[in-house]
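Keep in mind that the numbers below use all heavy atoms, side chains included, and drop hydrogens, waters and symmetry copies.
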Amino acid sequence: MSTFDDRERAEEARYALDQETQFKVMARRNKLLGIWAADLMGLSGADAEAYAKSVVLADLEEAGDEDVFRKVRKDFDEAGIDRTDARIREQMAQLLPIAREQILKDK
């Protein structure tokens, strides 16, 4: 039975590591999205970093990407930035593999 228990523990550990990695990838993607959005809104330096952090924190409101999308959409609307919903979602999709590569490279 110990072989089975060892294998089960290894699978649980791998699952936990995969979940942690996925969380880090999404947080990095959201930070990159925040930096992209900040640039379009004319923010730089500490202001851009603070905005990017607020985008990362927005992802903690609910599961999925909609909370992040809504934040960026609202902020663009308030700043008068002309970007379609499709363009914002496209940017989110384009940044995901970049974020994954950065996180896996950091390991």
How about Val56 and Arg28: do any of their side-chain heavy atoms sit closer than 4.5 Å? no
Might you point out which heavy atoms bring Ala99 and Arg29 nearest each other, and give the distance in Å? CB-N, 3.4 Å
Closest approach of Arg83 to Leu40 (non-hydrogen atoms, all atoms of both residues): NH2-CD2, 3.4 Å
Any non-hydrogen side-chain atom of Asn30 less than 4.5 Å from a side-chain atom of Lys71? no
Out of curiosity, Thr84 OG1 to Glu90 CD, how far, rounded to the nearest 0.5 Å? 8.0 Å
Is it true that a side-chain atom of Arg100 and a backbone atom of Gln22 form a donor plus acceptor pair closer than 3.5 Å? no
Would you say Lys31 has more than 12 foreign heavy atoms packed within less than 6.0 Å of its NZ? no
Under 3.5 Å, is there a donor-acceptor pair between the side chain of Asp39 and the main chain of Ile35? no
Going only through I, L, V, M, F, W and Y residues with side-chain contacts under 4.5 Å, is there a path from Leu96 to Leu32? no
Let me check something: do Val68 and Ile98 share a hydrophobic cluster, defined by ILVMFWY side-chain heavy atoms less than 4.5 Å apart, either directly or through other members? yes
Minimum heavy-atom distance between Tyr51 and Gly34, given as atom pair plus value: CD2-O, 3.4 Å
Shared hydrophobic cluster, Met92 / Val25 (ILVMFWY, side-chain heavy atoms < 4.5 Å): no
Residue pair Arg87 / Gln94: nearest heavy atoms and the distance that separates them: NH1-OE1, 4.0 Å
Taking all atoms of both residues into account, what is the closest heavy-atom pair of Ile88 and Phe69, and its distance? CG2-CD1, 3.7 Å
State plainly whether the residues Glu78 and Lys74 are in salt-bridge range, i.e. N to O under 4.0 Å. yes
Is atom CD of Glu101 surrounded by more than 12 heavy atoms (other residues, nucleotides or ligands) closer than 6.0 Å? no
Are Lys24 and Glu20 close enough, and set up right, to give a salt bridge (charged side-chain N to carboxylate O under 4.0 Å, His left out), and what steps lead you there? CA-CA 6 Å; Lys24 289 178 180 180; Glu20 179 184 344; 3.1 Å; yes
Closest non-hydrogen atoms of Asp75 and Met41, given as atom of the first, atom of the second and distance, are O-SD, 3.8 Å
Gap separating the CG atom of Leu95 from the CD atom of Gln91, nearest 0.5 angstrom: 4.5 Å
